[in-house]
Amino acid sequence: MDVVLSVAGVSKVYASGQRALEPVNLDIRRGEIFALLGPNGAGKTTLISIICGIVTPSTGTVTVLGHDAQRDFRSARRAIGLVPQELSVDMFETVLATVKFSRRLFGRAPDNAYVEQVLRDLSLWDKRDAKIRELSGGMKRRVLIAKALSHEPDILFLDEPTVGVDVALRRDMWKLVHRLRAKGTTIILTTHYIEEAEEMADRVGVIDKGRIILVEDKAALMKKLGKRRMAITLQTPMAAVPSALEGWSVALDDEGKTLVYTFDSENEHIPILLAKLGELGIGYSDLETHKSSLEDIFVDLVERKDAA
Amino acid sequence: MSTSTHAPAINLHGIWAIYRFEMARALRTLWQSLVTPVITTSLYFVVFGGAIGSKISTVGGVGYGSFIVPGLIMLSLLTQSISNASIGIYFPKFTGTVFELLSAPVSAMEMVVGYVGAAATKSIVLGLIILATAALFVPLQIVHPFAMLAFLVLTSVAFSLFGFIIGVWAKGFEQLSFVPALLITPLTFLGGAFYSIDMLPQPWRTVSLFNPVVYLVSGFRWAFFDKGDVSVGVSLGVTAVFLLACLGVISWIFKTGWRMKN
């Protein structure tokens, strides 16, 4: 396995005494899209900030492309681009000037052709001479992405990239991410939307209360996590599940008044089930589908972990 | 694990980026960076040089209008160095763009060279502009031009370093203006900018010797008129000690991450 980033025993206790991160171990593979999934306050941003050198870890080491992130910070940081969650941009600069600034700050000689390409890819070229304060929020986020890409990083961090972002930008961002991946860039994004991890990632890590609960290939995880449930309110209560529905993952609930169908996103046969009920002459008055929320999933994962 | 090549030992591009950014900021605010101090200085000449100075014949053989030139330049140099350098580093902390500086392959000293270098450059240019403005009002002689330039550069660098510390320390804009207004301006006014401390009665003359600005003004004035309140060696020594003290504090700040990072 070709590891580009290795986090070993990294923990963080802030001066206030707040334990933001328990010792974390994590290896990121070359060229993958890795989603770090977790609720707000789980430690996602703290972990990213430590890797990028903004926060000093209390313990542990970070190794980027074989360079220790503290001892050999120049080589380590040069390989990393960071798009922060906050829209922190210099309001009085022009788009072009701020992107060129970032490139040089990260130790790269000026390359106007490359900078132009980055700005074009992000639909910012027409706005290159605009002052950043004149741009909309979505445009400001594009500027932050352009800045992060300006020095041709091997690893790109996107911290909550779609919070407060409109549909067009979200779509552009996915396109960009896939284009970058095709060029060999490793991408690590944090999110608290399970759909986002589902849509984007090759692998997913779940973090909660400063601990990484699991790291798994997306396909396997989604199968595990993507449980859904449909509650069918019956017109006439039943004493038992009819034998004709054997083989279906259905169960009775609420004293036989509700039939509960459990399925996952890859294995969903709602129309067939409803047709079947019609054939059997089972009448129903209401249907309600429910998708496990991230919170449910966390509770589930934590319980499973505690039980193990 | 994959490896990549090592980065160069000094990030010259990074230093240059910060320096250029800071200089561009000054050009954007050219009015307040340069024009305001020039107008202020001209007013000092009208009031002290013209109105009051005409009642005072000479100080130590130098016309009063000329006598105050080194002190006036020092006054602007100190306040502008501090304000330029402190805003330079405070503003990214305030807007949050400091994340980029902290995540960049730029060492602490490279950051200081960029910010302090730009602030000092602006101060030096300002000092020369004030000098040129003064030459329009009063006859000027510079006996030791190289010493004059050396003091100009040394003072600009030392107080830009001091300003950098203030910028890192400050938690709000009011704290940024606090030190220049409540510390530097009084120390400069009481530091012989507009008089020779020989003119003071005791014990104030002795008390004045505890004011570091006295040594700056005195050394600078020596470069102009070959006369100072204290010997030029002592002036140079005090300035150098102050500069080294600021450098010491700054390396401590970066070693501990104090008010820069968690």
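Just so we're on the same page: letters track the sequence lines, and every chain starts at 1.
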- [ ] Please say whether more than 12 non-hydrogen atoms of neighbouring residues, nucleotides or ligands are located less than 6.0 Å from CZ in B:F137.
- [x] yes
Open item on the list: With rounding to the nearest 0.5 angstrom, report the CD1 to CZ distance, B:I18 to A:R104.
Closed with: 12.0 Å
Open item on the list: Below 4.5 Å, heavy-atom pairs only: which of B:G14, B:P8, B:A104 has the largest tally toward chain A?
Closed with: B:A104
Task: Nearest-0.5 Å distance, OG of residue A:S49 to CG of residue B:L102 - done: 10.0 Å
Open item on the list: Quick check: do A:F92 and B:R25 have side-chain heavy atoms less than 4.5 Å from each other?
Closed with: no
Task: Close side-chain approach of B:F21 to A:T98, heavy-atom, < 4.5 Å - done: no
Task: Atom of A:S88, atom of B:F99 and distance for their closest heavy-atom approach - done: O-CE2, 3.8 Å
- [ ] Side chain from CB out, backbone as N, CA, C, O: work out which of these in B:I10 comes under 4.5 Å of a heavy atom of chain A, or both, or neither.
- [x] backbone
Task: Residue pair A:M91 / B:T95, side-chain heavy-atom distance below 4.5 Å - done: no
- [ ] Identify which part of B:R20 has an atom lying under 4.5 Å from any heavy atom of chain A, answering side chain, backbone, both or neither.
- [x] side chain
- [ ] May I ask you to check whether over 12 heavy atoms, not counting those of A:E134, lie within 6.0 Å of atom CD?
- [x] yes
TODO: Answer with side chain, backbone, both or neither: which region of A:T46 has an atom nearer than 4.5 Å to a non-hydrogen atom of chain B?
DONE: neither
Task: Check: A:R74 and B:S107 side chains under 4.5 Å, non-hydrogen atoms - done: yes
Task: Gap separating the CG atom of A:L82 from the OG atom of B:S103, nearest 0.5 angstrom - done: 5.5 Å
Open item on the list: Shorter than 4.5 Å, heavy atoms on both sides: which option in A:A15, A:G81, A:S102, A:A76 has the most such pairs with chain B?
Closed with: A:S102
Open item on the list: Counting only non-hydrogen atoms closer than 4.5 Å, can you tell me which residues of residues 138-150 of chain A sit against chain B?
Closed with: A:L144, A:K147
Open item on the list: Take a 6.0 Å sphere around CZ of B:F173 and say whether it holds more than 12 heavy atoms from other residues, nucleotides or ligands.
Closed with: yes
TODO: Sort A:A109 into side chain, backbone, both or neither according to what part of it lies under 4.5 angstrom from a heavy atom of chain B.
DONE: both
Open item on the list: I'd like to check A:R108 versus B:P105 (side-chain heavy atoms, cut-off strictly below 4.5 Å). Are they in contact?
Closed with: no
- [ ] Check the pair B:H13 / A:F106 against side-chain contact (heavy atoms from CB on, under 4.5 Å), numbers first and verdict last.
- [x] CA-CA 8 Å; B:H13 284 296; A:F106 277 76; over 6 Å; no
- [ ] Search all heavy atoms of A:L105 against all heavy atoms of B:A17 and return the closest pair with its distance.
- [x] N-CB, 3.8 Å
- [ ] Could you check which of B:G114, B:P92, B:A24, B:A9 has the highest count of heavy-atom pairs closer than 4.5 Å to chain A?
- [x] B:A9
